[in-house]
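Below, read A as the first sequence line, B as the second, and so on, with proteins coming before strands; counting in each chain starts at 1.
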Amino acid sequence: MRIGFFGTPDFAVPSLKMLAGEGYTVAGVFCQPDRKSGRGHHVSFSPVKETALGLGLPVFQFEKIKSPEAVQQIKDLNLDLMVTAAYGQILSKEVLDAPKLGCINVHASLLPKYRGAAPIQWVIINGETSTGITTMFTDVGLDTGDMLLKRAVPIGKDETGGELYERLAILGADVLKDTLEAMESGTLTRTPQKEEDASYYPMLHKEMAKLDFGQTSRQLVDRVRALCPIMRCYASLNGEEIKLISLKISETATEGKPGEVLAADPKQGLIIKTGDGAVEAVQIQYPGGKAMDAKASLLGKPIAAGDCFE
RNA sequence: CGCGGGGUAGAGCAGUUUGGCAGCUCGUCGGGCUCAUAACCCGGAGGUCAAGGGUUCAAAUCCCUUCCCCGCAA
């Protein structure tokens, strides 16, 4: 079976490795073009590209996968099946119709819930206790195609978005493997998504990392761990933007307005009033500095109780 | 050559503008106080001020070079 693989970030790597490892013919690997990134603006390869090169697979990087050249390239590969996993571009009907058997997508949520580009972070932000992987036939809508296999996993109480991401990437490869085996043995069934149960969540935006201390302690803690480590949540204190790397719910019951510093000393730590209680900022990071324990930071850079995060 | 911040005792920081004894909080070690303590008091140890070069009577501080860390942007 000739497979075309479409993916770009770390999430797609286990799936690609599985395909190669299970003996499927990966006729081409498509990923986003190389971008200048990081400090110094050096060009770096995406994880999928690195992996494909390591496996000796041909790599294709189109600025627009809908372009005539890209479509022609896909057709020329004479594919039986396309597999997508966090590719990063919307596929057109023309592309989806190219392979004989269609296109299978690996999505990191229990569809039809959490359609969209960042389901892993959103489930944590919303305080869900479980999520999973759904494989599906891709259609022209956004994560709306018929579902194939689904597998659920519990979300750890303190699990970060990064940790869940890693687990789901591996689970995704596993479910994809089962999906392909079922397809080959003819036991695969497709289940339409119930639109009335569907939910969609957008891509992550910068401003999502700004903390609103009017939220509950639980919401704040969930947001910080959900966005960790791809975005560091922050709030302003006395004109400085301080990143709050990790929070935990504090039992300190005290009066105050949301965002107010209830305590800030090396013994108690940095305690901040929230909408319904208080949180302790366990790890913080000042502009230009490294992430560090809040208690250690307070030894050198004191914060006055009564100051207020905004 | 994308823009910017930083490197000072085990940890966190001040000192650099204007060159002039290496400082602060905490930890650590010893002693004291106390029914007791994470509290309080007294004392000690711990530094190649990231590295190299230059200027100077004198450099953490000014100039040049290198290394490393961080944020933004992408």
Legend entry - Side-chain donor-acceptor contact under 3.5 Å, T274(A) with S217(A): yes

Legend entry - Modelled atom types, side-chain donor and acceptor of D212(A) and Q215(A), under 3.5 Å: no

Inset, instruction - Tell which nucleotide pairs with C40(B), taking only Watson-Crick or G-U wobble pairs whose two distances are both under 3.5 angstrom. - result: G32(B)

Inset, instruction - First locate atom CD of E255(A), then atom CG of L262(A), and finally report the distance between them rounded to the nearest 0.5 Å. - result: 9.5 Å

Inset, instruction - Any strand is fair game: report the nucleotide pairing with C67(B) by Watson-Crick or G-U wobble, both distances under 3.5 Å, or none. - result: G7(B)

Inset, instruction - Determine the interatomic distance between C1' on C1(B) and the same-named atom on U61(B); round to the nearest Å. - result: 30 Å

Inset, instruction - In whole angstrom, give me the gap between the C1' atoms of U55(B) and C63(B). - result: 7 Å

Legend entry - 5'-most by nearest nucleotide on RNA chain B - A296(A) or A291(A): A296(A)

Inset, instruction - Could you check which nucleotide pairs with G47(B) in any of the strands shown, counting Watson-Crick or G-U wobble with both distances under 3.5 Å? - result: none

Inset, instruction - Determine the contact category for S37(A): base if any of its heavy atoms lies under 4.0 Å from a base atom, sugar-phosphate if only primed atoms, P, OP1 or OP2 are that close, otherwise nothing. - result: base

Inset, instruction - Let me know the distance between NZ of K301(A) and C1' of G5(B), rounded to the nearest Å. - result: 11 Å

Inset, instruction - Using atom CG of D293(A) as one end and atom C1' of C26(B) as the other, report the distance to the nearest whole Å. - result: 13 Å

Legend entry - Short side-chain N/O contact to C70(B) OP1/OP2 from R232(A), under 4.0 Å: no

Legend entry - Candidate pair D80(A) and K100(A), rule salt bridge (charged side-chain N to carboxylate O under 4.0 Å, His left out), full reasoning: CA-CA 5 Å; D80(A) 296 304; K100(A) 300 180 184 69; 3.6 Å; yes

Inset, instruction - Quick one: label K243(A) by what it contacts on the DNA or RNA (base, sugar-phosphate, nothing), any heavy atom closer than 4.0 Å. - result: sugar-phosphate

Legend entry - Spacing between H41(A) atom NE2 and C3(B) atom C1', to the nearest angstrom: 9 Å

Inset, instruction - Could you give the distance separating G19(B) and A58(B) at their C1' atoms, to the nearest angstrom? - result: 8 Å

Legend entry - Spacing of the P atoms in A50(B) and G12(B) (rounded, Å): 14 Å

Legend entry - Polar side-chain contact R39(A)-G2(B) base: donor and acceptor under 3.5 Å: no

Legend entry - Integer-rounded Å distance: A73(B) C1' and K36(A) NZ: 13 Å

Inset, instruction - Considering only NZ, NE, NH1 and NH2 on the basic side and carboxylate oxygens on the acidic side, decide whether R35(A) and E63(A) come within less than 4.0 Å. - result: yes

Inset, instruction - Take atom CD of E50(A) as the centre, draw a 6.0 Å sphere, and report whether it contains more than 12 heavy atoms from other residues, nucleotides or ligands. - result: yes

Inset, instruction - Please state the C1' separation for the pair A60(B) and G6(B) - nearest whole angstrom. - result: 14 Å

Inset, instruction - Taking atom P in both G23(B) and A45(B), compute the distance separating them and give it to the nearest angstrom. - result: 13 Å

Inset, instruction - Look at all strands and tell whether K290(A) reaches a base, only sugar-phosphate, or nothing, counting heavy atoms closer than 4.0 Å. - result: sugar-phosphate

Legend entry - CD (E94(A)) with more than 12 external heavy atoms under 6.0 Å: no

Legend entry - Interatomic distance where CG belongs to L299(A) and C1' belongs to G27(B) [whole Å]: 9 Å

Inset, instruction - Using the C1' atoms only, state how far A38(B) lies from U28(B), rounded to an integer number of Å. - result: 15 Å

Inset, instruction - Whole angstrom is fine here: how far is it from OH in Y234(A) over to C1' in C70(B)? - result: 18 Å

Legend entry - Side chain of M292(A) (C-beta onward), nearest among C72(B), C26(B), G12(B): G12(B)

Inset, instruction - Mind calculating the distance between CD (Q285(A)) and C1' (G6(B)) to the nearest angstrom? - result: 12 Å

Inset, instruction - Hunt down the Watson-Crick or G-U wobble partner of A14(B), both distances under 3.5 Å, from any strand shown, or write none. - result: none

Legend entry - Integer-rounded Å distance: C26(B) C1' and L270(A) CG: 17 Å

Legend entry - Pairing nucleotide - C72(B), Watson-Crick or G-U, each distance under 3.5 Å: G2(B)

Legend entry - Same-atom distance (C1') from U17(B) to A11(B), integer angstrom: 28 Å

